[in-house]
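First up is the structure itself, then whatever we jot down about it.
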Amino acid sequence: MADAKIFDQPLYPYRWHSDQDAAAPVRHPVVVVGAGPVGLTTAIDLGQSGVPVVVLDDNDCVSSGSRAICFAKRPLEIFDRLGCGQHMVDKGVVWNLGKVFMGDSKVYEFNLLPEDGHRRPAFINLQQYYVEQMLLDRLRELQQEGAPIQLRGKSRVSAIGQHDDHVTVEIDTPEGSYDLEAEWLIACDGAGSPTRKMLGLDFVGRVFEDNFLIADVTMEAEFPTERWFWFDPPFNPGQSALLHKQPDGVWRIDLQLGWNVDKAEEKKPENVIPRIREMLGEDVKFELEWVSVYTFQCRRMQAFRHKRVLFAGDSAHQVSPFGARGANSGIQDADNLCWKLKLVLDGRAPEGLLDSYDAERVYAAEENILNSTRSTDFITPKSEISRIFRDAALGLSRDHDFARPFVNSGRLSVPSTYDGSALNSPDGMPDGPARSRPGSPCPDAPVEDGFLLDRLGGRFTILAIGTSAEAVSETAISADLLEFPASAELAERYGTGVYLIRPDQHVAGRWASFDAKEIGAAIRRATGNMS
């Protein structure tokens, strides 16, 4: 069970603030709506860099139930940059391996991180309430260090008004309503986003009819720390199932139910327990911790920026849970947005730089929706031909490697490479490794005294591998210098040359040798200062 039921405790209770008695609405640089994983990540990232931020949430504690549990390598690297990644890895269940079953027999297994030389694993499993608690702990640490972050619980945003240079926000509290102004508002208020509805905006995309049962159970079991996925298992014939291990002896069980079910009935313990007992066996003792029945959607807003309101996480896009793309992509939204917003607030970049947030993260959302839709169509075939293809792919995969890429039990979350982004410079190393081309997230690698990604992030950096370079300043942007010899891992992942790395650890440009003029132009391009 969760430590002392942290989701029942008011961790950020309502407190009166002087803004409530101000004669005129007080203006803040940034207001974040929503204190879930994406909202807290956004607040920490901005506050850690000195941007004043107010977080508003209509709740006063972390989420109940496990909800998101799979946190991928890239978000863990982002959490490292924000100062809380190690706590999550220490508490979480680390895994790299997965197995796919058809019926009661294993089809094949896979390793999501077969390569050595990375600080972080492919995934950890960690209940969302722990992630939120650890983000809250980090936020409080930053507050004690003087970071300008405010978190206001029991503060529900009830109205929003758009203006040329600010957003007005009406807030309901236990002691009445008051107004604020924000230069920028970031909506991280979830799939049902009241912010989105208040602005009259909606999603485009698909809604799926299949229903799935999530049951988090506590039990003592000898199952290995792996992701197990079944097609047509004997305990859920004609459907699918998923099993994941979480901390504290909690296991996530996901059972496909099919169409046209009575959700209220399916959630009743007297109906859930027999299903789980049939899966686990009569001798396994377990207790239910959390149960939910859900359908899912693969949809997104047409744009993530609407004047001075920016949308991130589930408020901007939704995908099926297969592939763990929801919370992971939302955290990467924050990672993409915060450094750009800071430059704009500091006057070192034009407001148009925020259009690149929209372009890059819509691109990423489309990629996630495509993969999520394909996973769902494979897991739940919509025609007899689709089912025949799926079963043939599964059957061939037992003995033939060529068929395994066709098996789709949920293509698992990987970071997007922003190919074609307006912030990318032309590739000056076209023969360099494809995995580190402009737009790509930086691959980690071991370096002296640690790992490369621990030395990058939060600022522009010139990375020189096996060659020399110099620090560069351009349009009030200083790019720090890191130089490393071309070790085997760095040479394989980057080659020999010079890289310009963005504050979110994505490659802005690369060249075979140092050229201050080229790098200066790349900094201007990456900050929207080309005019």
Side-chain angles (χ1 to χ4, degrees), residues 45 49 73-74 76-78 80-82 85 115-120 332 335-336 338-340 342-343 348 356 360 415-419 421 423-527 529:
D45 203 346
S49 65
K73 181 177 184 289
R74 181 62 201 139
L76 292 176
E77 293 163 350
I78 294 167
D80 282 336
R81 181 175 62 78
L82 300 181
E115 179 181 70
D116 292 331
H118 294 260
R119 182 181 180 191
R120 292 304 177 210
Q332 291 167 82
D335 187 46
N336 184 288
C338 289
W339 68 271
K340 298 173 180 177
K342 176 175 171 55
L343 289 179
R348 294 185 290 161
S356 73
E360 291 181 344
S416 180
T417 294
Y418 304 132
D419 287 317
S421 170
L423 305 191
N424 295 346
S425 289
D427 193 352
M429 285 175 57
D431 295 329
R435 65 197 293 188
S436 55
R437 66 190 183 273
S440 65
C442 289
D444 202 6
V447 295
E448 185 179 356
D449 300 325
F451 288 88
L452 176 62
L453 294 189
D454 290 337
R455 309 283 293 276
L456 299 173
R459 64 198 186 282
F460 278 91
T461 302
I462 296 168
L463 173 64
I465 298 172
T467 187
S468 60
E470 300 173 9
V472 174
S473 293
E474 186 74 27
T475 61
I477 307 293
S478 296
D480 297 342
L481 175 63
L482 281 177
E483 294 180 304
F484 295 105
S487 66
E489 292 89 351
L490 284 172
E492 190 275 330
R493 295 167 201 181
Y494 290 89
T496 300
V498 177
Y499 283 74
L500 177 66
I501 311 300
R502 301 178 355 176
D504 59 359
Q505 298 177 337
H506 278 252
V507 176
R510 64 179 181 178
W511 304 267
S513 60
F514 176 74
D515 185 316
K517 185 177 179 180
E518 289 280 358
I519 291 175
I523 292 173
R524 293 195 301 275
R525 183 186 297 273
T527 56
N529 282 299

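Values reported hereafter were calculated over all heavy atoms of this structure, with side chains retained and with hydrogens, waters and symmetry mates removed. These numbers were taken from a predicted model, which means no experiment stands behind them.
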Take Ile462 and Leu500, measure what side-chain contact (heavy atoms from CB on, under 4.5 Å) needs, and give me the verdict at the end.
CA-CA 5 Å; Ile462 296 168; Leu500 177 66; 4.3 Å; yes
State the SG-CD1 distance between Cys442 and Ile501, to the nearest 0.5 angstrom.
3.5 Å
List the residues meeting salt bridge (Lys or Arg N to Asp or Glu O under 4.0 Å) with Glu518, not counting sequence neighbours, and say none if there are none.
none
Find the distance between CG (Asp45) and CG (Asn336) and round it off to the nearest 0.5 Å.
10.5 Å
Does Arg120 use its side chain to pair, donor to acceptor, with the backbone of Glu77 at less than 3.5 Å?
no
Partner residues of Gln332 under the side chain to side chain donor-acceptor pair (under 3.5 Å) criterion, sequence neighbours left out:
none
Out of curiosity, His506 NE2 to Leu456 CG, how far, rounded to the nearest 0.5 Å?
12.0 Å
Is Tyr494 reaching over with its side chain to a backbone N or O of Pro443, donor-acceptor style, under 3.5 angstrom?
yes
Enter the distance from Ser425:OG to Trp511:CH2 here, rounded to the nearest 0.5 Å.
5.0 Å
Walk me through whether Val472 and Phe514 qualify under side-chain contact (heavy atoms from CB on, under 4.5 Å).
CA-CA 11 Å; Val472 174; Phe514 176 74; 4.0 Å; yes
Answer yes or no: is there an ion pair linking Arg455 with Asp449, defined by an N-O contact shorter than 4.0 Å?
no
Could you give the distance from CD1 (Ile477) to CZ (Arg459), rounded to the nearest 0.5 Å?
13.5 Å
Please report the closest heavy-atom contact between Phe460 and Ala526, naming both atoms and the distance.
CE2-CB, 3.8 Å
With side-chain contact (heavy atoms from CB on, under 4.5 Å) as the criterion, how do Phe484 and Leu490 come out once you've worked through the C-alpha distance, each side chain's angles and the decisive distance to 0.1 Å?
CA-CA 9 Å; Phe484 295 105; Leu490 284 172; 3.7 Å; yes
Using modelled atom types only, decide if a donor and an acceptor are shared between the side chain of Thr461 and the backbone of Leu463 within a distance under 3.5 Å.
no
Tell me the closest heavy-atom pair linking Ser421 and Glu360, and the distance in Å.
OG-OE2, 2.5 Å
Roughly how far apart are Glu489 CD and Phe451 CZ, rounded to 0.5 Å?
9.5 Å
Would you call Ser513 and Val498 a side-chain contact if the rule is heavy atoms closer than 4.5 Å?
no
With Asp335, which of Lys340, Arg502, Arg74 fulfils salt bridge (Lys or Arg N to Asp or Glu O under 4.0 Å)?
Arg74
Is the shortest side-chain N to carboxylate O distance from Glu115 to Lys73 below 4.0 Å?
no
Can you check whether Ala521's main-chain N or O pairs, donor with acceptor, with Glu474's side chain at less than 3.5 Å?
no
Going by the rule salt bridge (Lys or Arg N to Asp or Glu O under 4.0 Å), which residues pair with Glu492 if we only count those two or more places apart in sequence or in a different chain?
Arg435
All heavy atoms of Leu423 vs all of Ser356, minimum pair found to be CD1-OG, 3.5 Å
Taking Thr467 for its side chain and Ala464 for its backbone only, find out whether a donor-acceptor pair lies under 3.5 Å.
no
Answer yes or no: is there a donor N or O on one side and an acceptor on the other, between the side chain of Asn529 and the main chain of Arg348, under 3.5 Å?
yes
Heavy-atom distance under 4.5 Å between the side chains of Gln505 and Pro441, does that happen here?
no
Closer than 3.5 angstrom, by distance alone: can the side chain of Glu470 be matched with the main-chain N or O of Ala516 as a donor-acceptor pair?
no
Looking at Ser440 and Thr417, would you say the former's side chain and the latter's main chain have a donor-acceptor pair under 3.5 Å?
no
Any chance you could lay out the salt bridge (charged side-chain N to carboxylate O under 4.0 Å, His left out) test for Arg493 and Asp444, step after step, and finish with the verdict?
CA-CA 8 Å; Arg493 295 167 201 181; Asp444 202 6; over 6 Å; no
I'd like to know if Asp504 and Arg81 make a salt bridge, using a cut-off of under 4.0 Å between side-chain N and carboxylate O.
no
